[in-house]
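Read through the structure below, which is laid out as structure tokens, and then see the notes.
Atoms considered below: every heavy atom in the structure, side chains included; atoms not considered: hydrogens, waters and symmetry mates. This is a predicted model, so every value here is computed, not measured. Chain A is the first sequence line, chain B the second, and so forth, proteins listed ahead of strands; every chain is numbered from 1.
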There are 2 protein chains.
Amino acid sequence: MVKIGQRQTRQRSIIHDIIMESDRPLTIANLVTLAQKRQAKIGQATVYRTVNALIEAKEIQAVQMPGGEALYEKAHLHHHHHFKCNNCGKVYDLPGCPDGIDLKKFLPPRFSLTAHEFTFYGTCAECA
Amino acid sequence: MVKIGQRQTRQRSIIHDIIMESDRPLTIANLVTLAQKRQAKIGQATVYRTVNALIEAKEIQAVQMPGGEALYEKAHLHHHHHFKCNNCGKVYDLPGCPDGIDLKKFLPPRFSLTAHEFTFYGTCAECA
DNA sequence: TTCATTGCAAAGTTTTTGCATCTTT
DNA sequence: AAAGATGCAAAAACTTTGCAATGAA
């Protein structure tokens with residue numbers, strides 16, 4: 001069990017577990033629905049507060065999609081990127097990073113790089 | 001003068017020009033401020049409606065940043081990506097695409113790719 | 001018992017919509 | 001004159017906050 005904030009509560013534990021057990025990033029709406037299956041009365045505010053606390057604690061991270069929707073996933077140990085299916089709308093993790101990128105040539109002079117995030121679009125295997 | 005919708009209006013022309021003349025993507029707030037400098041009474045709703053119409057018309061495109069903010073820029077003829085400076089917060093266009101990416105190896109089996117969007121973070125030349 | 005956390009409802013934010021009025025054609 | 005576009009304000013959608021009640025330690 002993970003400690004978030006000062007006290008261990010059933011609500012936080014449930015929300016934490018749902019994210020850790022998911023193989024894909026989830027929206028707030030997803031989390032509310034899934035959490036309420038495990039315990040009827042979980043307020044939206046609790047989900048928002050817990051998600052923000054988990055981000056603060058670096059347990060999870062936000063994935064911002066074009067269009068504006070935010071998804072949340074476990075803070076991965078390994079660098080990875082995302083793929084959104086244009087057909088079913090699901091967002092998948094793509095482990096690793098494409099090989100052979102020549103960033104030196106790509107960046108303007110005197111720009112330095114600390115991070116990057118790639119988002120890919122297309123059709124997933126399920127929808128193919 | 002560009003035609004958006006059925007009629008040419010001063011408001012649409014102003015908003016269109018601001019985006020076309022900018023070398024960086026702009027937020028809705030940026031657009032409202034800049035537009036009101038050229039003509040006092042431009043309602044926010046008009047900016048939103050015009051931006052949506054311009055996107056629909058493929059004249060401009062949205063750039064979604066992590067954290068949730070959306071920026072708008074001219075629909076480029078050439079494929080490009082974005083760089084956000086962690087220091088000043090400005091978003092820059094990076095023309096072109098990094099060379100030598102091996103996407104075949106990167107995508108899972110039976111996933112097909114139609115588009116991609118890269119976002120880079122770091123320090124820009126101005127802030128270096 | 002104490003005080004962090006919760007649920008609910010109220011208050012913020014941001015974006016969209018309804019409608020009377022104004023403008024383009 | 002007809003109909004699209006505007007500005008304003010109301011509404012909708014999403015997130016945060018205040019507060020009394022609950023529950024973990």
Side-chain angles (χ1 to χ4, degrees), chain A residues 1-19 25-57 59-73 89 91, chain B residues 1-20 25-73 89 91:
Chain A
M1 176 94 80
V2 181
K3 193 164 176 210
I4 313 149
Q6 272 69 64
R7 290 180 190 177
Q8 292 189 331
T9 67
R10 179 154 174 68
Q11 289 88 333
R12 285 181 180 177
S13 177
I14 287 172
I15 294 163
H16 174 269
D17 290 352
I18 289 168
I19 298 174
L26 302 169
T27 63
I28 292 286
N30 293 157
L31 288 170
V32 171
T33 305
L34 293 170
Q36 289 179 344
K37 278 188 194 162
R38 301 200 194 182
Q39 174 176 309
K41 278 205 179 174
I42 286 191
Q44 287 209 107
T46 299
V47 176
Y48 277 106
R49 281 188 281 229
T50 302
V51 163
N52 288 335
L54 286 166
I55 289 173
E56 190 73 20
E59 285 278 321
I60 69 172
Q61 61 194 2
V63 183
Q64 189 73 40
M65 297 303 292
E69 71 176 326
L71 301 133
Y72 303 90
E73 66 179 359
V91 177
Chain B
M1 175 95 82
V2 181
K3 191 163 178 213
I4 313 149
Q6 272 68 64
R7 290 180 190 179
Q8 293 188 330
T9 68
R10 180 153 174 70
Q11 289 88 332
R12 286 182 180 178
S13 177
I14 288 172
I15 294 163
H16 173 269
D17 290 352
I18 289 168
I19 297 174
M20 293 304 156
L26 302 168
T27 63
I28 291 287
N30 292 157
L31 287 170
V32 171
T33 305
L34 293 169
Q36 289 179 344
K37 277 187 193 161
R38 301 201 193 182
Q39 175 176 306
K41 279 205 181 175
I42 286 192
Q44 288 210 106
T46 299
V47 176
Y48 277 106
R49 280 188 283 230
T50 302
V51 163
N52 288 336
L54 286 166
I55 289 173
E56 190 72 21
K58 300 262 171 69
E59 285 278 321
I60 69 172
Q61 61 195 1
V63 183
Q64 188 73 40
M65 298 304 291
E69 72 176 325
L71 300 132
Y72 302 90
E73 66 179 359
V91 177

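Side chains of A:Y72 and A:T27 form no contact here, defined as non-hydrogen atoms less than 4.5 Å apart. With contacts defined as side-chain heavy-atom distances shorter than 4.5 Å, the pair B:D17/B:R38 qualifies. Looking at heavy atoms from C-beta onward, B:Q64 lies out of side-chain contact with A:M65 at the 4.5 angstrom threshold. You'll find the side chain of A:I14 reaches within 4.5 Å of the side chain of A:Q39, heavy atoms only.
Residues B:T46 and B:I15 approach most closely at O-CD1, 4.2 Å, considering heavy atoms.
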Pairs under 3.5 Å (N/O, protein and nucleotides 8-10 of chain D):
none

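When DNA chain C is scanned in the 5' to 3' direction for atoms under 4.0 Å from non-hydrogen atoms of chain B, the outermost contacting nucleotides are C:dT14 to C:dT25.
Side chain B:R7 to base D:dA3: a donor-acceptor pair is found below 3.5 Å.
With hydrogens and angles disregarded, a donor-acceptor distance shorter than 3.5 Å links the side chain of B:Q36 to the backbone of B:I42. Side chain of A:T33 to main chain of A:A29: a donor-acceptor pair is present (N/O by atom type, distance under 3.5 Å, no hydrogens or angles).
As rounded to whole Å, 12 Å separates atom P of D:dC14 from atom OH of A:Y72. The nearest whole Å value for the distance from the CG atom in B:N52 to the C1' atom in D:dT6 is 15 Å. In this structure, B:Q36 atom CD and D:dT6 atom P are separated by 14 Å, rounded to whole Å. We find that CD of B:Q6 is positioned 13 Å from C1' of D:dA2, with the value rounded to whole Å.
Distances shown here put every side-chain N or O of A:R10 at or beyond 4.0 Å from the OP1 or OP2 atom of D:dG23. One finds no side-chain N or O of B:T9 lying less than 4.0 angstrom from the OP1 or OP2 phosphate oxygen of D:dG4.
At most 12 non-hydrogen atoms from other residues, nucleotides or ligands lie less than 6.0 angstrom from CD of B:E56.
With DNA chain C read from its 5' end, the first of the two nearest nucleotides for A:T50 and B:Y48 is the one closest to A:T50.
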